[in-house]
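Order of appearance sets the numbers: ligands from 1, and atoms from 1 within every ligand. One-based numbering along the sequence shown.
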Amino acid sequence: MPRTLFFLAALASLAVSGAVSAQTASLREAYQPYFLIGAAVNTGNYADENSEDARLIKTHFKVLTPENILKWEALQPHPGQFEFRAADRLVAFAGQNQSHVVGHTLVWHGQTPPWVFAGENGEPPDRDLLLARMRDHINTVLGRYQGRVLGWDVVNEALNEDGTLRDTPWRRAIGDDYIEKAFEYARAADPAAELYYNDYRLEAPAKRAGAVSLVKRLQAAGLRIDAVGIQGHVGLTQPSIAEQEDAIRDFHRLGVRVMITEMDVDVLPGTKGWGDADIRRREAADPAFNPYAQGLPAPMQDALAARYADFFRMYLRNHDKITRVTFWGLNDGDSWLNGFPIPGRTNHPLLFDRQNRAKPAFQAVLDAAQTRDRSDP
Ligand code: 9MR
């Protein structure tokens with residue numbers, strides 16, 4: 001074969017082998033020696049078990065977090081009326097696929113129906129009434145899924161940005177110890193389940209310090225907390241890798257494990273700050289803030305891939321502290337970031353595009369595990 005032809009053929013086979021590795025590789029297997037790889041899923045992703053979405057889930061993700069169906073409003077929309085059909089289906093789907101389910105989430109101010117926070121005669125509920133509702137919900141839900149859910153986000157997003165406790169209806173009615181009570185009830189309801197505290201922007205020093213105090217408080221009360229979930233809604237430049245690594249180390253020093261629970265990388269410009277997943281946040285639309293409606297250009301794909309590679313190399317360095325990394329959504333079309341904090345944009349924050357094709361970011365995450373020097377600790 002003439003030299004140029006040989007060179008072209010070699011190039012073509014390289015390109016093909018890259019594509020094939022994305023199609024045949026498995027993230028969950030590549031990361032099996034280090035930590036669990038997960039994704040947030042919706043019922044539509046696995047309603048048809050033979051769909052491309054379901055195939056991706058089965059191939060790549062060892063642990064599934066339902067994006068919405070284990071939240072209070074989905075499980076107990078009306079007092080005492082529990083709706084378990086969707087959750088049962090997810091638990092069955094995960095079981096068939098040797099995957100785990102994470103329970104997201106028990107005690108949160110978001111996606112909790114108004115009746116929970118209503119007392120008699122339009123007054124807020126008193127401490128005993130709200131504690132009784134909390135305990136009943138936790139007992140019923142954890143009782144049903146005992147042994148079939150790996151762990152629960154017992155309390156979600158309880159902190160303000162300055163590290164103080166958020167003024168939620170839970171706290172107003174019960175007092176600061178609503179958090180201790182939630183962990184106490186959950187431990188009693190399923191002693192074998194892992195119990196977590198989950199929040200966003202825990203990389204920021206003041207909020208991180210608040211989370212550290214919270215964990216210490218629980219421990220001082222004799223309650224076991226197994227892990228802290230750093231949500232990991234990050235941007236292309238912020239937070240720095242070092243900031244998140246510091247947070248991982250700080251939590252690990254307390255004797256708890258760390259999980260990255262809702263990872264995505266926002267690639268769009270214009271929004272204020274990074275990582276602020278406060279559900280009330282809304283910002284004004286501007287066409288300049290939606291530049292990739294027709295697709296993500298190659299240089300941006302590369303920037304996204306490099307960002308994911310940096311994070312995953314850091315996770316691999318700290319794999320003794322990390323038990324799980326979960327992506328918040330299966331593909332770019334599923335992502336909440338298409339609607340937040342500005343509705344109607346086209347974001348590209350995940351590893352698979354809208355057609356479920358693996359992006360360069362997928363290859364970067366896979367390569368990080370496969371090229372890791374096994375002699376590293
Ligand atoms: O991704 C979830 C989206 O589908 C819901 O509309 C939204 C409403 O609260 O919640 C999203 O998930 C949030 C998660 O439960 C907690 N951390 C922030 C997530 C993104 O908002």
Is it true that a side-chain atom of R345 and a backbone atom of N290 form a donor plus acceptor pair closer than 3.5 Å? no
Do you know the tightest heavy-atom contact between D320 and H252? O-NE2, 4.1 Å
May I ask you to identify, for N156, whether its side chain, its backbone, both or neither come under 4.0 Å of ligand 1 on a heavy-atom basis? side chain
I'd like to know if the side chain of Y196 pairs up with that of E194 as donor and acceptor (distance under 3.5 Å, no hydrogens or angles considered). yes
Look up atom CG in D367 and atom CZ in R313, then write down how far apart they are to the nearest 0.5 Å. 9.0 Å
Relative to the heavy atoms of E262, which atoms of ligand 1 are at a distance of less than 4.0 Å? 14 (C), 16 (C), 17 (N), 18 (C), 19 (C)
Taking atom 1 (O) of ligand 1 as the reference point, the nearest protein heavy atom with its distance: E67 OE2, 2.5 Å
For residues P343 and E283, report the shortest heavy-atom separation together with the two atoms involved. CD-O, 4.5 Å
Run the numbers for me: atoms of ligand 1, each under 4.0 Å from some heavy atom of A277, listed by number. 18 (C)
Looking at D264, D266, N338, which hits side-chain hydrogen bond (donor to acceptor under 3.5 Å, both in side chains) with N347? D266
Where is the nearest protein heavy atom to atom 16 (C) of ligand 1: which residue, which atom, and how far? E157 OE2, 3.2 Å
I'd like to know if the side chain of K62 reaches the main chain of F35, judged simply by a donor and an acceptor atom lying under 3.5 Å from each other, with no hydrogens or angles considered. no
W328 versus ligand 1: do any nitrogen or oxygen atoms come within less than 3.5 Å of each other? yes
Is there a polar contact, in the sense of an N or O pair closer than 3.5 Å, between H233 and ligand 1? no
Go through ligand 1 atom by atom and flag the ones less than 4.0 Å from a non-hydrogen atom of W336. 1 (O), 20 (C), 21 (O)
Does ligand 1 have a heavy atom under 4.0 Å from the side chain of N68, from its backbone, from both, or from neither? side chain
Does K71, backbone or side chain, put an N or O under 3.5 Å from an N or O of ligand 1? yes
Tell me the contacting part of Y200 for ligand 1: side chain, backbone, both, or neither, using a 4.0 Å heavy-atom threshold, strictly below. neither
Tell me whether W108 reaches ligand 1 (any heavy atom closer than 4.0 angstrom to a ligand atom). yes
May I ask which of H104, Q111, Q231, R280 has a heavy atom nearer to atom 9 (O) of ligand 1 than the others do? Q111
W108 and H104 aromatic ring geometry - parallel, tilted or perpendicular at 30°/60° bounds: tilted
